[in-house]
Visitor: 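Before we start, here is the structure in question, set down as C-alpha cells.
Each chain gets a letter, A, B and so on, in the order the sequences are listed, and its residues count up from 1.
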Amino acid sequence: MATDLRTEFCTLRDTYIEQQFGRLNEMQRRAVFTTEGPLLILAGAGSGKTTVLVNRIANLIRFGSAHGSRETPREVTAEDVRALRAAVDNKTQAPAWLEGMLSRSPVRSWNIMAITFTNKAAGELRSRLCGMLGEEAGQEVFASTFHSACVRFLRRYAEELGWPRSFTIYDTDDAQRVMKNVYKELNVDDKFLPVKSALNQLGRWKDQLVSPAEAAQANAGSTKGALAARIYAQYEKKLKDAGAFDFDDLIYQTVILLREHPEVRQYYQERYRYLLVDEYQDTSVAQFQLVSLLTGPEQNICVVGDDDQSIYRFRGATIENILNFEKYYPRARTIRLEQNYRSTSNILNAANCVICHNTERKGKELWTNNGEGEKVHVYRAENESDEAMHIADVIGQHLRAGGHLSDHAILYRMNAQSAPIENYFTRAGIPHKIVGGQRFNDRKEVKDIHSYMSIVANPQDDVRLRRIINEPARKIGATTIETIAELAAQEGVSMLHIISRADQYARLSRAVMPLLSFYQMYQKLCDALETSPLDLFASQLIELTGYKRMLEQQAAQGHEDAEDRLQNLGQLVNNVKNYCDQKGVDATLEGYLEEIALISDIDSYNEDSDQVVLMTIHSAKGLEFPYVFLVGMEEGVFPSEMSKYSEADLEEERRLAYVGITRAKKELYLSNSVSRMLYGQTRRNEPSRFLREIEPEYLEESCSPALERASRMGGWRQDYSDTVPGGASGYSGPSGWGRTAASGGFGAGYSRAAYLNREYNAGEQRPASRGFGAGYAARGTGTPGASRPAPAAPAKPTPGSKRYAPGDIVMHKVFGRGKVLRVTPAAGDFIVEINFEKVGVKKTMANFAPLTKVSSEE
DNA sequence: CGAGTTATCATGGTT
DNA sequence: TGATAACTCG
C-alpha cells in the first residue's frame, strides 16, 4: 500500500514539476531540466535566455538535481498525495510544507554560482530569483560578474599571492600612469612603442595567461616583443609593489591562485557545485580557464551564449570558447533556443539577412510568432543634425500617439556620435540620458578624491599618491616627487613611508615642510576614517585635503567649472552615503572603492525615468526597447574605418550590427548621413554595407527633403543602390522647401526617397503631420534652394517670428501644443518655459527648438 | 614652483 | 572637435 502511495506521489511530483515550468517552450524546458553535466545553451537574441537561467536555478533549488529523481520521500501519506494532486489539478503552487517534500537530491542556493559580464545582468538575475524563490534563497545564490567574483576570491586569498588584503583596483587611467613610470625607468621611447599598444599587448598576454617570463621567452626574437616583455615584467612588479591589480590581473591572478593552490580550488569547487556562465561567447582564454578551474569533477557547468553576438573579440574574447565547448567537454549537451519573443518578423528577418553574411558561425536561425510589424525604416540624412532632427520627429510622433520617451533608444557605434544628437535634444528640450562616455567617476575631481581614499585604504599605492600629492598645490613639485620615488625604490618601501620621514633625508631638505604637513594631513584622514562613518569621512576628506577650499577659491575667481566640480563632489558624498545605506554595517572603505572601480555606467542605467536613452551598441547588449534608432549606418563609421582591412574585424562589426538590430521590439529605424562631421572635419560616407545586406522587402526608405529635391533635379546621384535609378517619377509630394502645414508639413517631408523610385502613398504617410511642421513654414525659409534650417545652425532670425511672451500658445514639433509660461534671456537666445498640454512643463531654447507661435496672448 | 600658453593627440567598443 | 600633454614665462 505504502509503495503505491509512493509511486503515485512520484508520478504526481513529475507532473507537478513539469507544470511549474509549463510556460516555457520545449527547448527552454529541456534546458531547465538538464541539470547535470556540461550544458551549452545556444540562445539567440530575445529567446528568453535570462528566463531560462532563472528557471534553471529555481528548478535546482526547489526540486533538486534530476539525478535524484528516483529517490522518493521516506514516508508518504494519503494526505500528501491528495494535496499534491490538488495542486496539479488546480494548477496552483503547492503549499510550503509540501514543496519541502518535493526536492529530490537537495541543492542549496549557495551551491550555485552564476557569472555574468555586467553588474546589471547579475542584479537582474538576483532580483528575478528573489521574486521566484523568495528574498532569502534568492540572495544566497552567488550571482556576480567575473570581475567581482575574482575580487571576492582575491580579498580572501590575496596574501597567498603576495598582495595586501586591502589591494587597490587600477582602472585604465591608473594603468597608463604606471606604464609611463615604467617607460621612464626603462628608458623606453614612447614613439617606438606607444604606451597604449604596450598596454594592449599586456592585456592580451594576461587574457591568454602568458606570464612575463613566458612572454620574454616567446618574444626573444623580436626587438619590440622582447621590449614589451621587459615592460610587462616591470609593470607587474610595480603593481605588486603598489598592492594593486588592474582589470586583467583580477582574472589572471585568480587563475594563478586557483591553479597553484589546490586547497583553495577544492574549497570553491565543493562550495559551488553548479556553475552558470552567461554571455559565454564573450569569455577570454583566462576566463575560460577560471571557469574550468571552478568546475568540479561533476562538471555541472552550464554556459549560455550566442556566437552571433560575440562583440568583444577586441578585448580578448575568443569565440572558440563557445565553438569548442563540445570538444572540451565531450559529455556536453547542446540546446538551441531559436524562438524569438522580442521582435517583429520584419526586424528579425533584417537581422538574419545581415548575420547570414558571416562565415564563422555555428548556424542558427531565429524565428518568431510575433506579427510582421512595420518595415524597418531607413532614413538618409543630409548631415548629422538632420539625422538628429529626424529622430526627434519620429519620437514626437510616437509621443503624441501616446508613447513614452523611455520606449526609445538611440544606439551608435562610438561614443563620439552622441554629441550632435545630445546637442539637438538639449536644445529642443527633449529629455534624454546618455549612458557611457565620460563617466562620473572618471572626472578629475572625483578621481582625485577617490585617490585620497585609496591611499588611506592602501598606503602602498604610489600611483594614486602621485596623483594627488600636489593637488591642491602644496609646493611639492616634480623633482621632489622623483626624488621620493628613487628613495623609495632604494629602500624598497612605499613613497608614503619616505614622506613620513622626510626630515631624515638631506635630498629632501627643501621640501621638508610641505612633505611633513602632507603626512600630518594624511594621518588626520586616517583618524577620520577610524572615528566617523564613511559618508562623513568622505566629506571630511574633501575639507581636510584642502580640495574644497581650492575649488571655492577658484569659484570665487569666476572659474565656471569650479562650481560644477564642487557639486560633483557633493554628489560623490551622496554616493558614499547611498553605499552606506545600502550596505549598512558591512560598509567599508575598501568595499566602496571596489564598487566604484567595477561598476559601469550601464549598471546604474535605470529605465524608470521617462527619458530617451542614448548609448553605444555595446552597452545595449542584453537590453531591449520598443523603438530603436541605429544611427550612423555608414561605411567608415559602422563598420568602422579600422575594421575594413580585416575580414575577422568586419565579421565582428556585423555581429555588432546584429546585436543592434535585435534590440528592437516594435520598430527599427536605421539612418545614415551624406556628410558627417567627425573628429573636426566633414566627411562624406557611403551608406553602410549592412544596409545593402538587408533584403529590400523588409525595408522602407526615405531621405531628407533637401536630398530628395536634389535628386529630383538630377543633380544628386547616389552610388548607394545602382539597381535603382534616380529621378522621381512616382513621387509628387509637396514641392520645394516652403512646405506649409496644409501641404502635409512634416510627415510628407519624410516621404520615401525619390532616389529609390518608390511610390509614395499618402495614405501610408507617417502619422501626426497635421499641424506640425508648421514650425518650419513659419521659420520663413521659403526660399527655394536654401538648405533646411538645422537646429545647430539656426536660420537667421526672422524679425518678430521668434519672440515669445507669456501667455502665447505655441506648437512644438515634438511636444505638441503648449502655453508659454516664462521667457528668460540667455546667451543671445531665450529660454522659453512652456506648459505643454500633453507632456507638462519643459524648457526650450527659442532659436533652436522647433517652435511656432499659434496665437498671441489674448 | 605655478600659471598660462601652445602643441599635439586621438577619437572602436568595456570590466 | 575636444581634451590633455608639453612648453614657456614670471
Visitor: Considering every strand and a 4.0 Å limit on heavy-atom distances, what is the contact class for Ser284(A): base, sugar-phosphate, or nothing?
Guide: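 The residue Ser284(A) makes no contact with any strand.
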Visitor: Rounded to the nearest Å, what distance is computed from the CE atom of residue Met615(A) to the P atom of nucleotide dT14(B)?
Guide: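 It works out to 11 Å between those atoms.
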Visitor: Of the listed nucleotides (dT14(B), dG12(B), dG13(B)), which one gets closest to any side-chain atom of Glu652(A)?
Guide: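 So the nucleotide nearest the side chain must be dG13(B).
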Visitor: In whole angstroms, how far is the C1' atom of dT14(B) from the CG atom of Asp282(A)?
Guide: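 Asp282(A) atom CG is separated from dT14(B) atom C1' by 10 Å.
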Visitor: For the pair made of CD in Glu471(A) and C1' in dC1(B), what is the distance, rounded to whole Å?
Guide: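 So the two atoms are 14 Å apart, to the nearest Å.
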Visitor: Please report, to 0.1 Å, the donor-acceptor pairs under 3.5 Å made by any side chain of residues 510-522 of chain A, with sequence neighbours excluded.
Guide:
from: Ser517(A); atom 1: OG; to: Met513(A); atom 2: O; distance (Å): 3.3
from: Ser517(A); atom 1: OG; to: Pro514(A); atom 2: O; distance (Å): 3.1
from: Tyr522(A); atom 1: OH; to: Ile455(A); atom 2: O; distance (Å): 2.9

Visitor: Side chains of Asp448(A) and Tyr547(A): do they bring a donor and an acceptor to under 3.5 Å?
Guide: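 Checked: Asp448(A)/Tyr547(A) side chains pair up, N/O donor to acceptor below 3.5 Å.
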Visitor: Thr480(A) side chain N/O closer than 4.0 Å to the phosphate oxygens (OP1, OP2) of dC1(B)?
Guide: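 Answer is yes, contact under 4.0 Å.
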Visitor: Tell me which nucleotide among dT14(B), dG2(B), dT1(C) gets nearest to the side chain of Thr616(A).
Guide: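 That would be dT14(B).
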Visitor: Looking just at side-chain N and O atoms, do Asp207(A) and Tyr252(A) make a donor-acceptor pair shorter than 3.5 Å?
Guide: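 Side chains of Asp207(A) and Tyr252(A): no pair found under 3.5 Å.
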Visitor: From C-beta outward on Glu653(A), which listed nucleotide comes closest to its side chain: dT1(C), dG12(B), dC1(B)?
Guide: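 Nucleotide nearest to Glu653(A)'s side chain: dG12(B).
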Visitor: Closest to the Met677(A) side chain: dT1(C), dG12(B), dG13(B)?
Guide: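 Of dT1(C), dG12(B), dG13(B), dT1(C) is nearest to the side chain of Met677(A).
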Visitor: For Glu641(A), which contact category applies under a 4.0 Å heavy-atom criterion: base, sugar-phosphate, or nothing?
Guide: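 No contact.
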Visitor: Across the strands shown, which category fits Met414(A) at heavy-atom distances under 4.0 angstrom: base, sugar-phosphate, nothing?
Guide: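 If one applies the 4.0 Å heavy-atom cut-off, Met414(A) turns out to touch the sugar-phosphate alone, with no base involved.
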Visitor: Counting heavy atoms from C-beta on, name the nucleotide in dG13(B), dG2(B), dT15(B) closest to the side chain of Thr118(A).
Guide: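 Looking only at heavy atoms from C-beta outward on Thr118(A), the closest nucleotide is dT15(B).
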Visitor: Would you say the side-chain atoms of Gln417(A) pair up with the backbone N or O of Arg413(A), donor to acceptor, closer than 3.5 Å?
Guide: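 Judged by distance alone, yes, a pair lies under 3.5 Å.
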Visitor: Could you pick out which residue, Asn470(A) or Thr145(A), lies toward the 5' side of DNA chain B when each is mapped onto its nearest nucleotide?
Guide: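 Nearer the 5' end of the strand: Asn470(A).
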Visitor: Remember a base hit wins even if backbone is also touched, and classify Ser148(A) as base, sugar-phosphate or nothing at under 4.0 Å, heavy atoms.
Guide: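 No contact.
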Visitor: For Phe146(A), answer base if it contacts any base atom (sugar-phosphate contacts may also be present), sugar-phosphate if it contacts only those atoms, and nothing otherwise; contact means non-hydrogen atoms under 4.0 Å.
Guide: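 It contacts nothing in the nucleic acid.
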Visitor: Using a 3.5 Å cut-off and no angle test, enumerate the donor-acceptor pairs between side-chain atoms of residues 119-126 of chain A and protein atoms at least two apart in sequence or in another chain.
Guide:
from: Asn119(A); atom 1: ND2; to: Leu598(A); atom 2: O; distance (Å): 3.0
from: Asn119(A); atom 1: ND2; to: Asp603(A); atom 2: OD2; distance (Å): 2.8
from: Arg126(A); atom 1: NH2; to: Ala143(A); atom 2: O; distance (Å): 2.5

Visitor: Expressed as a whole number of Å, how far does the P atom of dG13(B) sit from that of dT4(C)?
Guide: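 16 Å, rounded to whole Å.
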Visitor: How many Å lie between CZ on Arg177(A) and C1' on dA5(C), as a whole number?
Guide: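 Atom CZ in Arg177(A) sits about 12 Å away from atom C1' in dA5(C).
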Visitor: For Gln553(A) and dG2(B), give me the distance from atom CD to atom P, rounded to whole Å.
Guide: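 The answer, rounded to whole Å, is 14 Å.
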Visitor: Among dG12(B), dC1(B), dT15(B), which nucleotide sits nearest the side chain of Thr479(A)?
Guide: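 It is dC1(B).
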Visitor: Mind calculating the distance between CZ (Arg152(A)) and P (dT15(B)) to the nearest angstrom?
Guide: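 Result: 20 Å.
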Visitor: Is Phe314(A) stacked on the base of dG13(B), with ring centres under 5.5 Å apart and planes under 30° apart?
Guide: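 Here Phe314(A) meets both the 5.5 Å and the 30° conditions.
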Visitor: What is the distance, to the nearest angstrom, from the CD1 atom on Ile311(A) to the C1' atom on dT15(B)?
Guide: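 One finds 13 Å between C1' of dT15(B) and CD1 of Ile311(A), rounded.
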Visitor: Want to settle it: does Ala597(A) or Asp649(A) sit nearer the 5' end of DNA chain B, counting the closest nucleotide to each?
Guide: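 Closest to the 5' end, via its nearest nucleotide, is Asp649(A).
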Visitor: Return yes if the base of dG13(B) and the side-chain atoms of Arg315(A) contain a donor-acceptor N/O pair under 3.5 Å, otherwise no.
Guide: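 A donor-acceptor contact between them is absent.
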Visitor: Establish, yes or no, whether a centroid distance under 6.0 Å links the rings of Phe117(A) and His147(A).
Guide: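 Centroid separation for Phe117(A) and His147(A): 6.0 Å or greater.
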Visitor: Distance check needed: dG2(B) P versus Met550(A) CE, whole Å only.
Guide: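 One finds 12 Å between P of dG2(B) and CE of Met550(A), rounded.
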